[in-house]
Amino acid sequence: GENVGLHLPTLSVQEGDNSIINCAYSNSASDYFIWYKQESGKGPQFIIDIRSNMDKRQGQRVTVLLNKTVKHLSLQIAATQPGDSAVYFCAENRYSNSGYSTLTFGKGTMLLVSP
Amino acid sequence: EAQVTQNPRYLITVTGKKLTVTCSQNMNHEYMSWYRQDPGLGLRQIYYSMNVEVTDKGDVPEGYKVSRKEKRNFPLILESPSPNQTSLYFCASGLSRRNIQYFGAGTRLSVL
């Protein structure tokens with residue numbers, strides 16, 4: 001597979017456990033956040049997004065929590081399955097000094113799920 | 001099926017030999033972008049395009065060119081590849097630079 005996982009923090013869990021993957025962002029003006037999943041040999045896939053006027057958003061087996069006070073984002077995966085093994089990374093809609101914004105990607109966390 | 005298609009998926013070339021990686025999307029997206037992904041560095045944007053004939057540099061544009069003659073296509077051109085351009089490349093598209101970006105499967109490039 002692709003070596004995108006090198007040098008990444010790793011979270012190892014057992015199948016059936018809940019997983020929590022964290023992401024810190026730096027720009028308090030960022031107003032939109034996305035979580036992506038990247039499996040070995042594939043491109044990043046959209047999982048879930050959240051706007052800054054929300055604290056929580058739920059999808060199927062996934063929940064994203066946004067804490068604007070400490071500039072922290074988390075992805076919770078319920079009943080983790082081996083198929084959830086991948087690199088997960090967050091993206092924020094970050095504003096530059098010029099006033100333009102663009103999606104900026106974090107480096108990611110590798111999730112390893114053992115049966 | 002909505003998708004972003006990159007070709008080729010794997011490419012080995014030699015220093016200085018011009019190459020083009022193609023990217024096509026069928027979602028009628030205005031925004032398209034190229035990234036490179038390297039261990040420990042994450043996704044870094046090379047170039048992006050807000051619409052046809054509108055392109056701009058990202059964070060790491062040196063050594064790359066792009067064109068956007070049609071809405072669906074956004075090829076990445078390496079006029080004279082060098083070994084430091086060995087990387088995993090992704091094309092992405094979205095409604096705008098601020099929205100969800102949908103990624104292709106990637107192109108693994110090795111420059112010898």
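Proteins come first, then strands; the chains are lettered A, B, ... in the order of their sequence lines, and each starts at number 1.
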Crowding at CD, Gln60(A) (>12 non-hydrogen neighbours, <6.0 Å):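 No, because the 6.0 Å sphere around CD of Gln60(A) holds 12 heavy atoms or fewer from other groups.
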Leu112(B), CG: over 12 other non-hydrogen atoms inside 6.0 angstrom: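 Yes, because the 6.0 Å sphere around CG of Leu112(B) holds more than 12 heavy atoms from other groups.
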When clusters are formed by joining ILVMFWY residues with side-chain heavy atoms under 4.5 Å apart, either directly or through shared neighbours, do [X] and [Y] land in the same one?
{"X": "Phe74(B)", "Y": "Leu76(B)", "result": "yes"}
{"X": "Val87(A)", "Y": "Leu88(B)", "result": "yes"}
{"X": "Trp34(B)", "Y": "Val60(B)", "result": "yes"}

pair Ile34(A)-Gln101(B): side-chain heavy atoms closer than 4.5 Å: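 The answer is no; the side chains never approach within 4.5 Å.
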Atom of Phe90(B), atom of Gln38(A) and distance for their closest heavy-atom approach: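 Shortest heavy-atom separation between Phe90(B) and Gln38(A) comes out as CZ-NE2, 3.2 Å.
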Contact summary for Asp31(A) and Arg98(B), nearest pair of heavy atoms: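 Smallest interatomic distance, heavy atoms only, reads OD2-NH2, 2.9 Å.
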Inter-residue atom distance Thr104(A).OG1 - Gln45(B).CD, 0.5 Å rounding: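 These two atoms lie 8.0 Å from each other.
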Distance in Å, Lys107(A) NZ paired with Arg44(B) CZ, rounded so as to fall on 0.5 Å steps: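 Result: 9.0 Å between the selected atoms.
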Selection residues 36-65 of chain A - residue pairs positive for ring-ring contact (aromatic ring centres under 6.0 Å, His included), sequence neighbours left out: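 Sorted pair list: Tyr36(A)-Phe89(A), Tyr36(A)-Phe105(A), Tyr36(A)-Phe103(B).
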Engaged part of [X] at the chain A interface, taking heavy atoms whose separation is under 4.5 Å:
{"X": "Asp59(B)", "answer": "neither"}
{"X": "Tyr31(B)", "answer": "side chain"}
{"X": "Gln6(B)", "answer": "neither"}

Members besides Leu11(A) in its Ile/Leu/Val/Met/Phe/Trp/Tyr cluster (side-chain heavy atoms under 4.5 Å):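 Besides Leu11(A), the hydrophobic cluster comprises Val13(A), Ile21(A), Tyr25(A), Phe33(A), Trp35(A), Ile47(A), Ile48(A), Ile50(A), Met54(A), Val62(A), Val64(A), Leu66(A), Leu73(A), Leu75(A), Ile77(A), Tyr88(A), Leu111(A), Val113(A), listed by chain and residue number.
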Contacting moiety of Leu103(A), where chain B heavy atoms sit under 4.5 Å: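 Backbone plus side chain of Leu103(A), per the 4.5 Å heavy-atom cut-off to chain B.
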